[in-house]
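I have placed the structure first, in the form of structure tokens, so that the comments after it can refer back to it.
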Amino acid sequence: MRRRIVSCIGFILCTLVVCFSLSEPMRIVRELPEYSELSAIADALEVPFSIAYQKRQVAGVSSDLSESLSDEPDVANLDIMLFGVIPVRQIVMVKNTRTVVMPGGESVGVTLYTKGALVVGLGGIANSEGIQESPAKTAGIRAGDVVTSVNDITIEDSDDFLKIYSTTQGEIKVTVERNGEVKDFFVTPVLDATDNTYKIGMWVRDSTAGVGTLSFYDSNTLQYCALGHPITDVDTGVTLNVKNGEIIQSKILGISQGENGQPGEIHGSFGSGSQRLGSIEKNYDYGISGQLYSKIENSLYPDGLLLGFPEEAQLGEATILTSINSSGVQKFTCEVIKLYPQREAGSKGMVIKITDQRLIEQTGGIIQGMSGSPIIQNRLLIGVVTHVFVNDPLKGYCIYAYWMKESYTDTLNK
């Protein structure tokens, strides 16, 4: 008899759970987007639901949710709780209104100057006895190190570095940054018998230049994001630490088509007479960012677009904006063929495939110089091209555009 009563109670509880899971309040909770604004959460939730956020402080849902969370961050993880105890969903709470951005697609030249002098190679110096020496290598300096000072004198650029050590006899202290750590090395320059100057056997550089694509900018602040990946030194692969730099209007001279195993390339040109578009303030994991000097109009989307959240991207047709000739920014069709759900920033959020025959005929797919091209879907700017598949130039990786902006904002706050 007792077993029958327990079974009946269990059946009733299971029935209640099933019915509740199919109820309208539960359906609304399930259908809340992973990234939701406060107003949407407040409108959707009702008793018996409550929320837990940050230090898991539980607060009942009121008609004015913004009052209870007014002192909290703009974006925070939020757990939806049943009866204040049972976790039902976790979403990302977005406190402020969504960001309106102006999509890019313009080809831009990039000039960047580093802080200090980047070591790009080590080599031997022939001393008076004809013996090859590399004092820098012997001391422990490596390619990829960034020289920041010599004898505690700050190094601004490679010329600065050369002037100091080439006129110094005896041991010098060379301070470098390596993988975020500061290290001191003691190096004794040797007299190069070929030109009678003191050298330490290493090559340095302090600048780089190239061509990429502007991704988007905030319509209110004019802060822009471009490229989708960091600028690295061609010899060492080290991400360059920005002292200053600019993005510049670039003129496209021609295209080298991409083929399987051989990425294509946009050939661009810019010079001292080219229009300066903005400053480079950050070279970070997901591109370069800074401040535009003035607005750049986009005739395809004159009013701008909302910046999409990662979970709003969908498999299926999308649009890529890019510049491949003198016609400027153009729209081409592509397809989102794979999505990688992410709760934090990552450079590989989705995979796209070029489907527009016009673009395929002219470029062969995604080519170097198209990095940074924005991806639009359902009138949301959802992604930015970062890398091409070397063995299939029709396909490429994209970062979620939301992460580019959020990560840039985080670097400014550090």
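Judged purely by atom type and a 3.5 angstrom limit, Ser107 has no side-chain atom pairing as donor or acceptor with the backbone of Ser250. Using modelled atom types, no side-chain atom of Glu265 and backbone atom of Gln257 make a donor-acceptor pair closer than 3.5 Å. In this structure, the side chain of Glu317 does not engage the main chain of Thr333 through any donor-acceptor pair within 3.5 Å. Tyr402 places no side-chain N or O within 3.5 Å of a backbone atom of Pro310 that could act as its donor or acceptor partner. A donor-acceptor pair is defined here as one N or O able to donate and one able to accept, closer than 3.5 Å; no such pair exists between the side chain of Ser373 and the backbone of Thr322. Within the 3.5 Å criterion, the main-chain N or O of Gln223 finds a donor-acceptor partner in the side chain of Thr221.
With hydrogens and angles left out, the side-chain atoms of Asp184 and Thr175 include a donor and acceptor closer than 3.5 Å. Judged purely by distance below 3.5 Å, without hydrogens or angles, the side chains of Asn378 and Glu312 never pair a donor atom with an acceptor atom. No side-chain donor from either of Ser347 and Tyr286 sits under 3.5 Å from a side-chain acceptor of the other.
Using cut-offs of 30° and 60° on the angle between ring planes, the pair Tyr397 and Tyr340 is tilted.
Considering Leu321, Thr319, Ile360, Ile320 in turn, Ile320 is the only one that fulfils the side chain to side chain contact (heavy atoms under 4.5 Å, CB included) rule with Phe332. Screening Ile366, Leu394, Ile354 against Leu359 for a side chain to side chain contact (heavy atoms under 4.5 Å, CB included) leaves a single residue, Ile354.
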(request) In sequence, state the C-alpha distance, the side-chain angles, and the governing distance for Glu246 and Arg276, and then conclude on salt bridge (Lys or Arg N to Asp or Glu O under 4.0 Å). (result) CA-CA 7 Å; Glu246 287 184 304; Arg276 267 55 185 166; 3.2 Å; yes

(request) Begin from the C-alpha positions of Glu297 and Lys295 and carry the test salt bridge (Lys or Arg N to Asp or Glu O under 4.0 Å) through to its verdict. (result) CA-CA 6 Å; Glu297 302 298 330; Lys295 289 185 177 181; over 6 Å; no

(request) With salt bridge (Lys or Arg N to Asp or Glu O under 4.0 Å) as the test, would you mind laying out the steps for Asp392 and Lys353 before giving the verdict? (result) CA-CA 9 Å; Asp392 187 355; Lys353 180 178 181 179; over 6 Å; no

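Arg142 and Asp145 are not joined by a salt bridge, as no carboxylate oxygen comes within less than 4.0 angstrom of a charged side-chain nitrogen. Salt bridge annotation for Arg205-Asp233: present, with a cationic side-chain nitrogen under 4.0 angstrom from a carboxylate oxygen.
If you take CD1 on Ile280 and OH on Tyr224, they are separated by 4.5 Å, rounding to the nearest 0.5 Å.
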